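Worth saying up front: this structure is predicted, and the values here are computed from it rather than measured. Each chain gets a letter, A, B and so on, in the order the sequences are listed, and its residues count up from 1. Only this structure's heavy atoms are used, side chains among them; waters, hydrogens and symmetry mates stay out.
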Amino acid sequence: MALYEEQTLKIYNSLSSQKEVFQPIHEGHVGMYVCGPTVYSKVHLGNCRTFMSFDMVYRYLLHLGYKVRFVRNITDAGHLEDDADQGEDKISKRARLEKIEPMEVVQRYTVDFHNILRKFNLLPPSIEPTATGHIVEQIEIIKIILDRGYAYEKNGSVYFDVQKFNKVYHYGKLSGRKLEDMIANTRELTAQDEKKNSQDFALWKRAEPQHIMRWPSPWGEGFPGWHLECTVMSTKYLGETFDIHGGGMDLKFPHHECEIAQSEASYDKSPVRYWMHANMLTLNGKKMAKSTGNNLLPDEIFSGENKILSKPYPPSVIRFFMMQAHYTSILDLSDEALLAAEKGYTRLMDALDLMEHLPVSSSSDLDLKGWRQRCYDAMNDDFNSPVLIAHLFEGVKWIHLIREGKQTLDAGGKTLFQDTMKGFVFDVLGMESAHAESVDTEKLDGAVQLLIKMRNKARADKDYATSDEIRDALSSLGIQLKDGKEGTTYSL
RNA sequence: GGCAUCGUGGCCGAGUGGCUAGGCACAGCUCUGCAAAAGCUUGUACAGCGGUUCGAAUCCGCUCGAUGCCUCCA
């Protein structure tokens with residue numbers, strides 16, 4: 001029996017604004033799409049939080065035993081920097097500034113993106129399609145929308161007719177907007193604007209002569225509109241209706257709203273059962289923006305080369321910090337908060353090491369099954385990782401109590417306890433073992449054990465000068481000795 | 001200006017009508033040769049003002065503030 005049959009997962013659906021019991025279209029299988037990055041510069045931290053949130057979602061679904069097809073795209077076709085017809089796209093602009101080919105820009109920042117996500121221990125998606133690899137499909141869907149009368153062509157560009165669409169469907173249902181309000185609120189169209197109405201969005205844009213990224217189409221040379229690629233790639237790999245669509249809060253409108261409109265206009269079907277939106281990351285209480293300097297790149301955090309934080313923090317600590325907040329809450333990053341997260345993370349990891357050597361008794365006086373279910377309940381409640389972590393710290397407390405003989409654990413209980421702790425910490429939360437990087441662990445361990453032995457002999461002889469010298473020397477190397485009832489252990 | 005989300009103890013961050021969140025920091029105690037580690041104990045917080053209710057951090061209204069969207073953006 002798969003775990004998902006025992007657990008009832010609820011997901012907060014942005015479309016209905018409430019938590020709903022998750023039921024996949026095909027029993028045992030989940031299709032999930034997440035909007036990926038536009039690869040025209042280095043990924044920034046907020047981006048990473050969104051992808052990390054959905055990595056956690058992906059991991060928990062896998063943990064529950066679902067077969068998940070997880071699609072996350074790469075936006076490598078240039079999209080205009082503003083709404084004006086004459087605008088330059090972001091990738092071409094970067095190419096011009098760096099004096100390289102647009103595809104070189106794409107390659108460079110795709111590699112950077114993958115590197116950073118790997119450091120954060122994100123699982124790669126099942127499929128990572130690119131927009132430029134799906135130009136043909138995008139042209140095909142534009143034809144369908146034109147045929148069904150929800151788009152119009154103007155001077156080699158094709159626009160989606162929002163007002164016409166809204167007569168039959170509901171444009172704005174995801175973001176809670178009314179088209180009338182939006183019309184009342186928008187500026188007059190400029191004379192040279194090709195759109196019938198300012199809410200209309202481009203499905204295809206004619207390429208100006210200087211535009212480098214361009215493809216032939218029935219409407220002349222041009223490039224696809226931004227919202228289209230997600231519609232095309234999600235339906236191609238997941239079907240016309242699929243289970244979960246995720247992305248950052250800021251994509252809710254207009255991007256996701258337009259995706260719904262495109263799908264409904266093409267297939268007369270709502271594309272997504274559960275819409276999930278991850279919330280923003282702020283820095284010292286303010287939005288991150290390059291222009292104000294209130295900005296941090298992941299590498300600047302790892303290296304410590306920045307003016308905002310007091311020290312470098314490893315990726316695993318950042319990940320733990322982010323997992324301590326719910327994905328739908330705004331999370332504020334600060335030096336103080338990271339410092340606290342790092343200590344908590346270390347305590348958790350140290351306890352996990354100690355867990356290997358817990359004494360086993362003939363009986364157990366801990367309610368492990370109840371505790372395990374509370375861990376699942378937390379995750380089942382819209383992926384509440386902070387509550388899960390609270391329960392894991394209860395586990396940490398037990399580990400210490402068992403070591404000191406104040407609680408007991410039988411053999412079966414030990415296995416259940418270990419599997420549960422490790423399952424949640426490593427598989428679900430995606431934490432990495434603290435000592436994964438050290439190569440010569442065994443040699444080091446031998447050397448430290450020898451020193452511990454020498455120190456304890458000195459202590460027995462009341463030669464505290466020697467014992468303290470050993471302790472202080474190890475301490476300055478970053479090795480901390482911990483004297484317990486059962487002997488001395490250490491942590492790095 | 002419009003729409004949306006949110007405002008919790010020294011800091012971070014769950015909770016969403018009555019019952020312990022958790023982490024970090026602080027203090028006391030236990031342990032220790034001394035420390036560290038670990039354990040135990042203590043903190044009565046929910047932006048402000050009104051209202052609903054037997055009872056509200058939790059529901060309603062207003063005010064203030066933050067963030068997001070309305071234009072490319074995770």
Item to check | Nearest-Å distance for atom pair CD/C1', residues E257(A) and rC3(B) | outcome: 12 Å

Checklist entry - If you measure only the distance, is there a donor-acceptor pair under 3.5 Å linking the side chains of T328(A) and N279(A)? => result no

Next on the checklist: At 4.0 Å (heavy atoms only), tell me whether L338(A) reaches a base, stays on the sugar-phosphate, or touches nothing.
Outcome noted: nothing

Checklist entry - Rounding to the closest angstrom, what is the interatomic distance between rC12(B) and rG51(B) at atom C1'? => result 33 Å

Item to check | Between Q324(A) and S385(A): side-chain donor-acceptor atoms closer than 3.5 Å | outcome: no

Item to check | Minimum-distance nucleotide (side-chain atoms of F51(A) versus rG33(B), rA74(B), rC69(B)) | outcome: rA74(B)

Next on the checklist: Taking the C1' atom in each of rG48(B) and rU8(B), what is the distance between them to the nearest angstrom?
Outcome noted: 15 Å

Checklist outcome for this item: Walking RNA chain B from its 5' end, the first of L339(A) and S467(A) to be reached, judged by nearest nucleotide, is L339(A)

Checklist entry - Of the candidate nucleotides rC24(B), rA36(B), rG33(B), which contains the atom at the shortest distance from the side chain of A340(A)? => result rC24(B)

Checklist entry - Taking atom C1' in both rC59(B) and rC24(B), what distance in whole Å separates the two? => result 33 Å

Item to check | P atoms of rC6(B) and rG13(B), separation to the nearest Å | outcome: 15 Å

Next on the checklist: Does the plane of the ring in F383(A) sit parallel, tilted or perpendicular to the ring in Y60(A)? Use 30° and 60° as the thresholds.
Outcome noted: perpendicular

Next on the checklist: I'd like the P distance from rC29(B) over to rU20(B), given in whole Å.
Outcome noted: 28 Å

Checklist entry - At under 4.0 Å, does any side-chain N or O of K343(A) touch on OP1 or OP2 of rA25(B)? => result yes

Checklist outcome for this item: The nucleotide from rC34(B), rG39(B), rG23(B) with an atom nearest the side chain of R471(A) is rC34(B)

Checklist entry - R177(A) has a side chain; which of rG39(B), rC69(B), rG33(B) sits nearest to it? => result rC69(B)

Item to check | Secondary structure of RNA chain B in dot-bracket form (Watson-Crick or G-U wobble, distances below 3.5 Å, | marking inter-strand pairs) | outcome: (((((((..(((.....[...)))..((((.......)))).....(((((..]....))))))))))))....

Next on the checklist: Is there a side-chain contact between V396(A) and L392(A) in this structure, where contact means two heavy atoms from C-beta onward sitting under 4.5 Å apart?
Outcome noted: no

Checklist entry - What interatomic distance, in whole Å, is found between C1' of rC31(B) and the corresponding atom of rC40(B)? => result 11 Å

Checklist entry - Please give, in whole Å, the distance from rC3(B) P to Q199(A) CD? => result 17 Å

Checklist entry - rA4(B) and rG43(B): how far apart are their C1' atoms, nearest whole angstrom? => result 36 Å

Next on the checklist: Please report the distance, rounded to the nearest Å, between NE2 in H256(A) and C1' in rC69(B).
Outcome noted: 13 Å

Next on the checklist: Which is more 5' along RNA chain B, the nucleotide nearest G36(A) or the one nearest Y12(A)? Just name the residue.
Outcome noted: Y12(A)

Next on the checklist: For rA35(B), does the base pair up with any side-chain atom of D483(A) as donor and acceptor (N or O, under 3.5 Å, distance only)?
Outcome noted: yes

Checklist outcome for this item: Atom NZ of K173(A) and atom P of rA4(B) are separated, to the nearest Å, by 19 Å

Checklist entry - Do the ring planes of F120(A) and F302(A) sit parallel (below 30°), tilted (30 to 60°) or perpendicular (above 60°)? => result perpendicular

Next on the checklist: At 4.0 Å (heavy atoms only), tell me whether K406(A) reaches a base, stays on the sugar-phosphate, or touches nothing.
Outcome noted: sugar-phosphate

Next on the checklist: Using ring centroids (six-membered ring only for Trp), state whether F417(A) and W371(A) fall under 6.0 Å.
Outcome noted: yes

Next on the checklist: Looking at the base of rA38(B), is there any donor atom on it, or on the side chain of R403(A), that sits under 3.5 Å from an acceptor on the other one?
Outcome noted: no

Item to check | Parallel, tilted or perpendicular: ring planes of Y171(A) versus F253(A), cut at 30 and 60 degrees | outcome: perpendicular

Next on the checklist: Counting the atoms with a prime plus P, OP1 and OP2 as sugar-phosphate, which does G46(A) contact under 4.0 Å by heavy atoms, base, sugar-phosphate, or nothing?
Outcome noted: base

Item to check | Minimum-distance nucleotide (side-chain atoms of K287(A) versus rC70(B), rG33(B), rG68(B)) | outcome: rG68(B)

Item to check | K482(A) NZ to rA38(B) P, straight-line distance once rounded to whole Å | outcome: 6 Å

Next on the checklist: Taking the P atom in each of rA21(B) and rC46(B), what is the distance between them to the nearest angstrom?
Outcome noted: 14 Å

Item to check | Protein-nucleotide distance (K178(A), atom NZ; rG2(B), atom P), rounded to Å | outcome: 15 Å

Checklist entry - With the sugar-phosphate defined as primed atoms, P, OP1 and OP2, and the base as all remaining atoms, what B/S/- string results for nucleotides 12-22 of chain B, 5' to 3', for protein heavy atoms under 4.0 Å? => result SSSS-----BS

Checklist entry - Which pairs, with at least one residue in residues 310-322 of chain A and sequence neighbours excluded, count as a salt bridge (charged side-chain N to carboxylate O under 4.0 Å, His left out)? => result D55(A)-R319(A), K311(A)-E342(A)

Next on the checklist: Measuring only between side-chain heavy atoms, which start at C-beta, is M276(A) closer than 4.5 Å to I244(A)?
Outcome noted: yes

Item to check | Test side-chain contact (heavy atoms from CB on, under 4.5 Å) applied to L251(A) and E257(A), E259(A), H227(A), H256(A), the passing residue | outcome: H256(A)

Item to check | Salt-bridge criterion met for K286(A) and D332(A) (N-O under 4.0 Å) | outcome: no

Next on the checklist: How many whole angstroms separate atom OH of Y33(A) from atom P of rA74(B)?
Outcome noted: 12 Å

Checklist outcome for this item: Between CZ of F201(A) and P of rU71(B) the distance, given in whole Å, is 13 Å

Checklist entry - Considering only rC34(B), rA74(B), rC70(B), which nucleotide approaches the side chain of T50(A) most closely? => result rA74(B)

Checklist entry - T466(A) and D463(A): side-chain donor and acceptor closer than 3.5 Å? => result yes

